[in-house]
Amino acid sequence: MIRINENYLKLKASYLFSDIAKRVSAYQEANPEKPIIRLGIGDVTEPLPQACQKAFHAAIDDQGTREAFHGYGPEQGYAFLREAIAKNDFQARGANVDASEVFVSDGAKCDSGNIQEIFGDDIKIAVPDPVYPVYVDTNVMAGRTGKNVDGRYQGFVYLDSTPENGYVPSVPEEKVDLIYLCFPNNPTGATATKEQLKAWVDYAKECGAIILFDAAYVAFIRDESLPQSIYEIEGARDVAIEFRSFSKNAGFTGTRCAYTVIPKNLKAQDAAGNEHSVHALWNRRHCTKFNGVSYPVQKAAEAVYSEEGAAEVKALTDFYLENAKIVKAAMQDLGFDCIGGEDSPYIWINAKRPSWEFFDLLLNEAGVVCTPGAGFGTCGEGHIRISAFNSREKIVEAMARIKKALA
Ligand code: MLT
């Protein structure tokens with residue numbers, strides 16, 4: 001009989017958010033009369049900005065005419081979107097990124113999960129703990145780790161994010177090849193300063209390593225002193241890849257559009273020590289495995305950069321940030337230590353008990369779904385993450401229910 005990729009057997013039975021969804025369905029089946037409020041997975045609830053809707057509709061009309069119809073587009077994305085991205089998200093902030101370095105895709109989850117394919121099997125990888133599970137699981141699937149022992153895979157270098165380091169890990173003592181960083185952080189909501197990112201860029205240069213910088217939540221940064229892109233840090237073009245998404249800023253979780261930036265000067269070497277362009281390798285992979293994001297979706301994403309779209313995105317992210325403020329204040333009032341929720345839609349809460357226990361308590365007693373911190377790694381044990389992505393009404397009600405349940 002055909003054999004399986006046995007690396008999959010090292011994984012936990014199901015993906016964190018599928019696990020939570022199963023528990024929630026079981027609860028709903030047993031308690032059909034009790035409505036639940038979902039503050040678990042970071043899925044947006046508010047509609048697409050009007051500017052995006054209009055562009056989306058107009059592009060669908062284009063597809064209905066022979067003259068304006070679009071078939072296969074460029075795998076890397078249409079020039080109109082790549083140029084808008086380079087100009088508005090990078091050049092406007094003094095970060096040197098060219099449109100040709102932008103790869104438009106259908107999700108930062110897919111990109112941050114797939115990127116590892118272009119690197120060697122025997123590289124040393126550093127992952128934060130707690131961590132967005134995609135970074136870990138995709139490398140486990142690829143066979144770059146040993147077994148999971150006590151919640152940690154053998155072979156990874158874990159970067160502990162703790163209250164002591166303000167949830168921003170320092171560079172490790174040892175040398176690694178690939179480093180996953182995410183700021184504003186999922187799951188903790190922590191942000192990193194320019195100085196902190198500079199230390200990582202310098203370390204990567206010293207090691208000949210590459211940083212995979214996940215900036216999916218950057219639209220929530222309000223503190224102007226914080227960097228919004230790793231390319232705002234001197235030297236980052238030589239060592240970093242950045243992932244961005246339209247999911248959390250413009251509500252594209254169900255519409256699907258994101259992008260990855262790979263500077264053309266970024267290099268990695270083969271076993272013989274010859275240098276190769278990482279941009280060229282990713283381009284090769286992208287063209288082989290991906291046929292581009294649909295034209296209407298790219299037109300809708302482009303509208304994010306129009307005057308109307310930018311104002312709507314600001315209002316949308318302000319709205320979720322206000323939700324985050326309400327959650328954080330309510331949890332703090334109840335005596336919990338919290339971080340995040342200021343330049344981030346996530347609030348990371350010290351649950352003062354095992355995280356799945358608190359998850360069950362909030363589900364069973366308040367009908368509120370959160371994400372147990374243990375699902376993000378061993379350093380997440382004893383914490384939960386609450387997401388600010390919901391309507392104001394539900395956020396306020398969820399906090400009232402939690403207050404009552406814990407009274
Ligand atoms: C999360 O809740 O961590 C995110 O929604 C996951 C994702 O964006 O894939």
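Indexing begins at 1, ligand by ligand and atom by atom, following the structure's order. When a residue number appears, it is its place in the shown sequence, counting from 1. Below, each value reflects all heavy atoms present in this structure, side chains not excepted, and no hydrogens, waters or symmetry copies.
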Carefully, step by step, assess Leu406 and Leu361 under the rule side-chain contact (heavy atoms from CB on, under 4.5 Å).
CA-CA 9 Å; Leu406 296 180; Leu361 190 154; 3.5 Å; yes
Enumerated ligand 1 atoms positioned under 4.0 Å from heavy atoms of Ile41
2 (O), 5 (O)
Heavy atoms only: give me the nearest Leu48-Gly251 pair and the separation to one decimal.
CD2-O, 3.3 Å
Closer than 4.0 Å to some heavy atom of Tyr346 - which atoms of ligand 1 meet that?
1 (C), 2 (O), 3 (O), 4 (C), 5 (O)
List every atom of ligand 1 that sits less than 4.0 Å from any heavy atom of Asn186, numbering the atoms from 1 in the order shown and giving each element.
1 (C), 3 (O)
Nearest heavy-atom neighbours spanning Ala204 and Ile179:
CB-CD1, 4.4 Å
Using distance alone, determine whether Phe17 and ligand 1 share an N or O pair under 3.5 Å.
no
Measure from atom 8 (O) of ligand 1 to every heavy atom in Lys248, Lys109, Arg385 and give the option owning the shortest one.
Lys248
Is Tyr217 near ligand 1, meaning one of its heavy atoms is under 4.0 Å from it?
yes
Relative to each other, are the rings of His279 and Phe103 parallel, tilted or perpendicular (30° and 60° limits)?
tilted
Polar side-chain atom of Arg82 near backbone of Val102 as donor-acceptor pair, under 3.5 Å
yes
Could an N or O of ligand 1 be found under 3.5 Å from any N or O of Tyr132, whether backbone or side chain?
yes
Please determine whether side-chain contact (heavy atoms from CB on, under 4.5 Å) holds for the pair Phe213 and Ser229, giving the CA-CA distance in whole Å, both sets of side-chain angles, and the decisive distance to 0.1 Å.
CA-CA 9 Å; Phe213 189 73; Ser229 163; 6.0 Å; no
